[in-house]
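The figures here come from the full heavy-atom set of this structure, side chains too, leaving out hydrogens, waters and symmetry mates.
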Amino acid sequence: RGFLSCKPPAPSVPLNFGMRRHKYRIIIPFLAPALILYSLFVIYPYAQAMYVAFTKWKGLRKSPRFVGLDNFEKMLGDDQFWNALSNNLIYLVFLPIITLGFALFMAFMISQKVRFSNFYRVTFFFPQVMSVVAIGILWSFVYHPTIGIFSSLLKAVGIEKPPIWLGDPDTALWSIVAVTVWQSAGFFMVIFMAGMLSIPKSLYEAAALDGAGRGSTFFRITFPLLWENTRSSLVFITVIAMDMFGITFTMTQGGPDRSTDVLATLLYEHAFLHSRFGYATSIAMVYFVIVIVLTLLIFRVTRRETIEF
């Protein structure tokens, strides 16, 4: 009688399954308007576009004529399509290397508080707030063969016949590459700077005590801790490289001799200049699939264990 009696524990109170059972009655009314609008303005247009890609339609007939895979078979033998795709691939190879490399370098130097760092920060981000059309028009005058700044500078140093930057198939595409790097580097610089500011200063202080220089600090500390920022930047620059419509259409409209033509400008030409909406939509579908595959591939290849700090 002097000992505490051992009684079996009381059964636990059952969870409130009623709330779980009826939670959808609360959630669905709030989600329904958004789902309806998303289906109406996103899913339905995508589905309609997929159907149009299998038709021959000039945009005037009430119902497109179904032609099956004819548009895609035509695309396989279309030299203009492969030329545009090859130009997109050139952008895809060089833009990430040049743009992200330059943006990463500038972000690192500014984060190290070099002289005039605030001036560099504003200067390199400024093109990002300008519209693509304004940038295209601005650089069209810069590249002008008679009144352009570049041509005038080359003539001033003794070069009588400077390149026709946007009129020569050998220089037009690379001229657009330079403009795209100038326009987009500031955006990626901000992304990298945001990641660098989140890195603990104690890591840099420890590296300085060990005698590490700026280069060693960057490759051993900064860059590994910016991996997630780099992955996101790769996706963004991939989308930019596979687009290139605004700057290309404003500066060259795909010329000269289709040397700067990309999938987006070719799509525009077939749809709105030749009224081949079925064929243009099939190009858009291929373009969409390529971007999705590249994005998934980037996330797959660059996946690694996240470093927490």
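- W227 places a side-chain N or O within donor-acceptor distance of the main-chain N or O of T302, the cut-off being under 3.5 Å.
- Rounding to the nearest 0.5 Å gives a distance of 13.0 Å between CD1 of I247 and OG1 of T265.
- The backbone N or O of S259 lies less than 3.5 Å from no partner atom in the side chain of D257, so there is not a single donor-acceptor pair.
- Interatomic distance, CD1 of I135 versus CD of Q183, reported as 4.0 Å (0.5 Å rounding).
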What's the verdict on side chain to side chain contact (heavy atoms under 4.5 Å, CB included) for F245 and L263, showing C-alpha distance, side-chain angles and the deciding distance?
-> CA-CA 8 Å; F245 174 78; L263 290 179; over 6 Å; no
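- Ring geometry, F108 versus F218: the interplanar angle exceeds 60°, so the pair is classed perpendicular (tilted spans 30 to 60°).
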For I290 and N88, run side chain to side chain contact (heavy atoms under 4.5 Å, CB included): C-alpha distance rounded to whole Å, both residues' side-chain angles, the deciding distance at 0.1 Å, then the answer.
-> CA-CA 11 Å; I290 291 174; N88 275 116; over 6 Å; no
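- Smallest separation of non-hydrogen atoms from A284 and L267: CB-CD1, 3.3 Å.
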Run the side chain to side chain contact (heavy atoms under 4.5 Å, CB included) check on Q128 and V190 step by step: do they pass?
-> CA-CA 11 Å; Q128 191 62 37; V190 171; over 6 Å; no
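- The heavy-atom pair separating T250 from V133 by the smallest distance is CG2-O, 3.6 Å.
- Of the options V177, T180, D243, a side-chain contact (heavy atoms from CB on, under 4.5 Å) to Y91 is made by V177 and by none of the others.
- Looking at every heavy atom in both residues, F81 comes nearest to Y279 through CB-OH, 4.5 Å.
- Between R121 atom CZ and M189 atom CE the span is 7.5 Å, to the nearest 0.5 Å.
- Between the side chain of D168 and the main chain of D170, a donor-acceptor pair closer than 3.5 Å is present.
- Aromatic ring pairs are classed by plane angle as parallel below 30°, tilted from 30° to 60° and perpendicular above 60°; the pair F272 and F277 is perpendicular.
- Closest heavy-atom contact between S151 and H144: OG-O, 3.3 Å.
- For the atom pair CG (L35) and CG (L40), the distance works out to 12.5 Å, reported to the nearest 0.5 Å.
- Minimum heavy-atom separation, A53 to F72: O-CE1, 3.9 Å.
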Just do the side chain to side chain contact (heavy atoms under 4.5 Å, CB included) check on F188 and F124 with the steps written out, would you?
-> CA-CA 10 Å; F188 297 105; F124 284 105; over 6 Å; no
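- Contact detail for T260 and N87: the closest heavy-atom pair is C-ND2, 3.8 Å.
- Ring pair Y268/F249 is perpendicular by interplanar angle, where above 60° counts as perpendicular and below 30° as parallel.
- For the atom pair W165 CH2 and S175 OG, the distance stands at 6.5 Å (nearest 0.5 Å).
- Ring geometry, F288 versus Y46: the interplanar angle falls from 30° to 60°, so the pair is classed tilted.
- Considering I292, V286, V293, V291 in turn, V293 is the only one that fulfils the side-chain contact (heavy atoms from CB on, under 4.5 Å) rule with V289.
- In this structure, the separation between OG on S86 and CG on D79 is 10.5 Å, given to the nearest 0.5 Å.
- For N83 (side chain) and R258 (main-chain N/O), a donor-acceptor pair under 3.5 Å exists by modelled atom type.
- Side chain of W82 to main chain of G77: no donor-acceptor pair is present (N/O by atom type, distance under 3.5 Å, no hydrogens or angles).
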